[in-house]
Amino acid sequence: MQATYLKINPADSVVVCLEPKKKGDIIKIDGRAITVNQDTPAGHKVLIKDVAQKEDIIKYGYPIGHAMQAMKAGDWVNENNLKTNLSGTLEYTYNPVNEPLNISKQNRTFKGYIRKNGDVGIRNEIWVVPTVGCVNGIAERLVNKLKAEVNGGVDNIYAWHHNYGCSQLSEDHENTRKVLRDICLHPNAGAVLVLSLGCENNQPEEFMAMLGDYEKDRIKLLVTQRVDDEMEAGMQILHQLYDIASKDVRTDVPVSKLRVGLKCGGSDGFSGITANPLVGEFSDWLVAQGGTSVLTEVPEMFGAETILMNRCTSKELFEQTVSMVNNFKNYFLSHGEPVGENPSPGNKAGGISTLEDKALGCTQKCGKAPVSGVMEYGDRLQNPGLNLLSAPGNDLVASTALASCGCHLVLFTTGRGTPFGTFVPTMKIATNPDLARRKANWIDFSAGQLIEGRTMQELVPEFIDKVMAVASGEPAKNEINDYREISIFKNGVTL
């Protein structure tokens with residue numbers, strides 16, 4: 001008979017209900033029979049031992065908070081009786097863990113676009129990138145006009161709207177410029193029109209200098225205040241760009257060139273036992289092939305950060321990770337916000353009770369690979385292997401940051417469901433079978449099969465094949481639905 005509850009780690013003091021439990025149901029675990037004391041929804045936790053007030057409750061082998069009052073075995077553990085242990089910044093000690101992956105190389109390839117600088121894209125699109133939000137409307141008109149005038153030839157044509165580029169100061173202004181630079185240089189773009197107003201703080205010539213040694217025939221600038229007819233001038237440039245990009249063709253590329261972002265949102269109690277571990281298996285496989293994966297959502301590392309810190313391959317990377325985590329905690333504290341108040345109403349309804357509970361499930365996405373790089377917000381990837389990226393947990397901001405650092409696509413696990421996508425393919429992996437069935441128009445792959453009797457060993461090769469297909473041109477659901485946008489992190493004054 002298929003199991004209806006799961007004890008994740010031998011040290012755990014809770015089990016996760018794979019199906020709803022009724023008051024009076026019996027859970028047989030560790031040679032004991034425990035009576036469920038309250039109706040408990042699927043994805044939620046049932047205590048399997050008595051605990052005293054303030055005693056830690058264990059899940060994934062780690063504390064996920066402490067009991068707010070004395071509790072009995074069989075009690076439903078939720079946000080009403082479990083409180084986070086998180087507070088302020090901490091001092092950490094480096095205790096390196098080196099766990100070999102023991103995954104063989106498979107010489108897999110995908111069909112990608114090889115760029116002149118040796119980089120590889122998985123899409124060949126034409127992008128209009130505004131330097132300032134004032135020209136968003138012009139960018140949209142240009143894109144719509146080009147779409148009406150050409151028939152295929154490139155994978156798609158987009159304008160990436162945002163509200164910034166002017167009236168920002170210091171770090172905010174630089175964050176905007178870095179992300180827009182990263183978009184312009186992303187290999188999923190076969191050609192880019194940089195669209196400027198002319199008087200903005202993000203001055204066009206200075207911005208173009210940020211791009212470095214770029215392909216002048218594929219990235220071009222238009223300053224709209226300097227021409228009489230911006231539509232005529234813009235279309236002339238776009239047709240030139242289209243003539244170049246439309247000649248690009250896909251070719252076989254080693255999987256070692258693939259860069260994948262790891263993200264979760266709308267999480268539930270199944271996230272840490274189905275979709276996130278599945279993505280973690282893929283991440284380890286990709287790293288073993290010489291490829292790259294990137295984990296972000298720093299606030300959702302709180303409570304699991306030491307696991308990542310001790311997987312850093314050097315003391316320097318460890319110290320960078322400590323700085324990344326404590327800087328984000330200080331960001332919360334500087335605004336008078338507690339560092340542990342993260343799970344959303346949807347998270348709590350799905351069975352996630354504290355930030356530690358969320359973080360220990362969230363970090364499952366990066367498997368067991370060593371950490372080979374740590375990046376600040378807006379940085380571009382330098383190191384293959386598993387990287388950590390500084391960005392908040394917000395779904396669109398974090399996904400945009402993953403794409404901006406150079407990820408070709410984002411693997412996005414979800415238990416509640418979400419339709420959005422950022423400027424690269426954003427694959428949705430359902431944590432439970434009900435979501436996959438109800439929202440088939442949003443979901444690319446169901447990890448919920450793992451609670452329907454499929455094994456991880458069976459599912460991983462299928463998931464690898466699916467990701468390779470999307471990398472080779474198969475559209476993700478967000479692309480089919482045309483749900484694509486960007487969001488830039490803001491933390492400062494608007495003038």
Side-chain angles (χ1 to χ4, degrees), residues 94 96 98 101 110 112-122 171 174-189 192 207 209-215 219 253-263 282-298 301 308-325 327-328 365-367 369-392 397-411 422-424 471 488-489:
Y94 184 38
N98 182 12
L101 294 178
F110 63 94
Y113 296 94
I114 300 177
R115 304 304 181 190
K116 188 175 180 180
N117 64 359
D119 209 345
V120 173
I122 68 167
E171 186 178 4
E174 284 309 302
N175 282 343
T176 294
R177 282 157 48 89
K178 286 177 181 178
V179 170
L180 297 180
R181 172 204 64 191
D182 297 345
I183 293 173
C184 291
L185 296 175
H186 199 286
N188 281 9
V192 176
F207 176 74
M210 284 184 68
L211 303 185
D213 185 19
Y214 64 92
E215 289 189 62
I219 303 179
V253 177
V255 72
S256 59
K257 292 286 190 179
L258 190 62
R259 305 187 294 258
V260 173
L262 313 173
K263 177 74 180 81
F282 174 83
S283 176
D284 283 346
W285 175 84
L286 182 61
V287 168
Q289 311 310 307
T292 303
S293 63
V294 184
L295 181 71
T296 188
E297 303 178 276
V298 176
M301 298 175 188
L308 299 172
M309 290 172 182
N310 292 332
R311 283 162 53 187
C312 289
T313 56
S314 69
K315 183 73 178 297
E316 180 183 7
L317 288 174
F318 163 78
E319 290 171 350
Q320 290 175 19
T321 306
V322 170
S323 177
M324 179 180 72
V325 168
N327 285 347
F328 242 102
K365 297 193 302 293
C366 67
V371 174
S372 60
V374 179
M375 295 178 288
E376 293 297 325
Y377 182 81
D379 284 355
R380 302 182 71 212
L381 273 163
Q382 302 294 324
N383 303 312
L386 174 63
N387 286 254
L388 307 180
L389 170 65
S390 182
V397 174
S399 296
T400 301
L402 287 168
S404 297
C405 80
C407 292
H408 295 111
L409 57 87
V410 174
L411 301 179
T422 188
F423 70 92
V424 300
I488 302 172
F489 186 41

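Both backbone and side-chain heavy atoms feed into the values below; hydrogens, waters and symmetry mates do not. Given the structure is predicted, the values throughout are model-derived calculations rather than measurements.
K257 is not listed as a side-chain neighbour of P187, based on a closest heavy-atom distance of 4.5 Å or more. Side-chain atoms of C366 and R311, non-hydrogen and from C-beta on, do get closer than 4.5 Å to each other. Put simply, the side chain of L402 does not reach to within 4.5 Å of the side chain of T422, judged on heavy atoms. The closest side-chain heavy-atom distance from I219 to L185 is below 4.5 Å. For the pair R177 and R181, the minimum side-chain heavy-atom distance is 4.5 Å or more. When side chains are defined from C-beta on, D182 does not count as touching C405, because their heavy atoms never get closer than 4.5 Å. With a 4.5 Å cut-off on side-chain heavy atoms, L381 and M375 count as touching. L286 places none of its side-chain heavy atoms less than 4.5 Å from the side chain of T292.
Around the CD atom of E376, the shell of radius 6.0 Å holds no more than 12 heavy atoms that belong to other residues, nucleotides or ligands.
Summarising the geometry of P392 relative to V397, their closest heavy-atom pair is CG-CG1, 3.5 Å, with the distance given to 0.1 Å. Pairing each heavy atom of V253 with each of G112, the nearest pair is CG2-N, 3.8 Å. Minimum heavy-atom separation, I183 to S404: CG1-OG, 4.3 Å. Across V294 and C407, no two heavy atoms sit closer than the pair CG2-SG, 3.6 Å. C312 and Y94 make their closest contact through O-OH, 2.6 Å (heavy atoms, listed as atom of the first residue, atom of the second, distance). Taking both residues in full, the closest heavy atoms of V192 and C184 are given as CG2-O, 3.6 Å, listed atom of the first, atom of the second, then distance.
Using a 30° and 60° split on the angle between ring planes, H408 and F110 fall in the tilted class, from 30° to 60°.
With values rounded to the nearest 0.5 angstrom, M324 atom CE is found 4.0 Å from M301 atom CE. Expressed to the nearest 0.5 Å, how far OG of S399 lies from CG of L409 amounts to 11.5 Å.
Under the 3.5 Å distance criterion, the side-chain polar atoms of N188 are matched with a main-chain donor or acceptor of I122. A donor-acceptor pair under 3.5 Å is formed between the side chain of Y377 and the backbone N or O of F489. Under a 3.5 Å cut-off, the side chain of T313 and the backbone N or O of V371 do form a donor-acceptor pair. Looking at S372, its side chain does come within 3.5 Å of a backbone N or O of L386 through a donor-acceptor pair. No donor-acceptor pair closer than 3.5 Å links the side chain of N310 to the backbone N or O of L308. Of the possible polar contacts, one joining the T321 side chain to the L317 backbone as a donor-acceptor pair under 3.5 Å is found.
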Between V287 and S293, does a side-chain contact (heavy atoms from CB on, under 4.5 Å) hold up when you go through it step by step? CA-CA 7 Å; V287 168; S293 63; 3.9 Å; yes

For N327 and S390: C-alpha separation, side-chain torsions, deciding distance, then whether side-chain contact (heavy atoms from CB on, under 4.5 Å) applies. CA-CA 10 Å; N327 285 347; S390 182; over 6 Å; no

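Salt bridge present: E297 and K365 bring a charged side-chain N and a carboxylate O closer than 4.0 Å.
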